[in-house]
Amino acid sequence: PRCIWLTRHGESVDNIVGKIGGDASLSTRGRRYGECLSRFINFQRQENEKTRRLEVEAGMAMSPQREKTVAVWTSMLTRTKETVEQFDPKVYDIKHIRFLNEIYAGICEGLSYAQIEQLYPEEFEARRVNKLFYRYPGMGGESYLDVIQRLNPLIIELERMTSDLLIVTHRVVLRIVLGYLMDVDRAKMPEMDVPLHTLYCVEPKPHGTVVRRFKWVE
Ligand code: F6P
């Protein structure tokens, strides 16, 4: 795509209490982030169209002709779906994709880090020592490497696309996709700082990838 927009979902009620995993809904703040996000992306889309139109009128069209619909991909989880509730489905092609779900924490789903440390001190330590390789115990439990693996087909698809794309996902998936696009060593991905309510714009250019970061001001 010409521009890949990436963000985590708006703040969830579990984010407030520090619980990991689960399928929580957005908090009031999180909903407001979703509203702001839809207005901001709309604004960007209209600005691009306006620039292109003015260039055509002036006989100097050089900016890329963008496709009419913008693709929006979320995970299958409630908090990402709720984040894009304000997007007009006539303008945005919205898809919910299981590959974009957050890392599955197995027996640690729904716990806080403090609870994990207390209940499973050895697991907590093992993860601290090697976060990239550490796989959560329990059925379906994943590691960062597992998530990198499941994201592979999606990254291939992403590189093939020519339209603009917005991805609304979760902390681990965002670290991996952004890390991949920015050529970050996978060993460094688990420590990347990707706060909530922050939007990244990644533009692949001939001379390298340009990344811009937008922070929501409440
Ligand atoms: O707390 C939000 C969250 O997305 C959890 O669902 C997930 O387990 C965690 O962040 C991942 O972050 P880290 O890999 O740093 O524990």
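Quick caveat: nothing in here was measured; it's all calculated off a predicted structure. For ligands, and for the atoms within them, numbers begin at 1 and follow the listed sequence. Note that the numbering runs from 1 along the sequence shown for the chain.
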Quiz item: Is there at least one pair of N or O atoms, one from His170 and one from ligand 1, spaced under 3.5 Å apart?
Solution: no
Quiz item: So which protein heavy atom does atom 16 (O) of ligand 1 come closest to, and at what separation?
Solution: Tyr113 OH, 2.5 Å
Quiz item: Mind checking whether His197 and Tyr33 have parallel, tilted or perpendicular rings, split at 30° and 60°?
Solution: parallel
Quiz item: If you count the atoms of ligand 1 from 1 in the order shown, which ones are under 4.0 Å from a heavy atom of Lys131?
Solution: 13 (P), 14 (O), 15 (O)
Exercise. Answer yes or no for Ala105: is there a heavy-atom contact with ligand 1 below 4.0 Å?
Key: no
Self-check item: Element-labelled atoms of ligand 1 that are located less than 4.0 Å from some non-hydrogen atom of Ile103
Solution: 8 (O)
Self-check item: Val70: side chain to side chain contact (heavy atoms under 4.5 Å, CB included) partners, not counting sequence neighbours
Solution: Arg45, Tyr92, Asp164
Quiz item: What about Arg127: any of its N or O atoms under 3.5 Å from an N or O on ligand 1?
Solution: yes
Self-check item: Short side-chain to backbone donor-acceptor contact, Glu109 and Gly22, under 3.5 Å
Solution: yes
Exercise. Ignoring angles and geometry beyond distance, decide whether Arg8 reaches within less than 3.5 Å of ligand 1 through its nitrogen or oxygen atoms.
Key: no
Exercise. State if Glu102 counts as touching ligand 1 under the rule of any non-hydrogen atom under 4.0 Å.
Key: yes
Exercise. Would you please say whether a donor-acceptor pair under 3.5 Å links the side chains of Ser12 and Asn15?
Key: yes
Exercise. Flag the pair Glu35 and Arg32 as a salt bridge only when some basic side-chain nitrogen lies within less than 4.0 angstrom of an acidic carboxylate oxygen.
Key: no
Self-check item: Contacting atoms of ligand 1, where contact means under 4.0 angstrom from a heavy atom of Val172
Solution: 11 (C), 14 (O)
Quiz prompt | ligand 1-proximal atoms of Asp14, by part, heavy-atom distance under 4.0 Å | solution = neither
Quiz prompt | Those atoms of ligand 1 less than 4.0 Å from some heavy atom in Arg171 | solution = 1 (O), 4 (O), 9 (C), 10 (O), 11 (C), 12 (O)
Self-check item: Salt bridge flag under 4.0 Å for residues Glu142 and Arg150
Solution: yes
Quiz item: For ligand 1, which atoms sit closer than 4.0 Å to a heavy atom of Arg175?
Solution: 12 (O), 13 (P), 14 (O), 15 (O)
Quiz item: Taking atom types as modelled, is there a side-chain donor on Ser25 or Glu82 under 3.5 Å from an acceptor on the other?
Solution: yes
Quiz prompt | Residues Lys50, Glu47: salt bridge by 4.0 Å N-O rule | solution = yes
Exercise. Measure from the side-chain N and O atoms of Thr169 to the backbone N and O of Leu100, and report whether any donor-acceptor pair falls under 3.5 Å.
Key: yes
Quiz item: Which ligand 1 atoms, with their elements, are less than 4.0 angstrom from a heavy-atom of Gly21?
Solution: 5 (C), 6 (O)
Quiz item: Considering only heavy atoms, which of Thr169, Ile20, Ile116 lies nearest to atom 8 (O) of ligand 1?
Solution: Ile20
Quiz item: Where does Met189 meet ligand 1, judged by heavy-atom distances below 4.0 Å: at the side chain, the backbone, both, or neither?
Solution: neither
Quiz item: Looking at Arg160 and Glu157, does any basic side-chain N land under 4.0 Å from a carboxylate oxygen?
Solution: yes
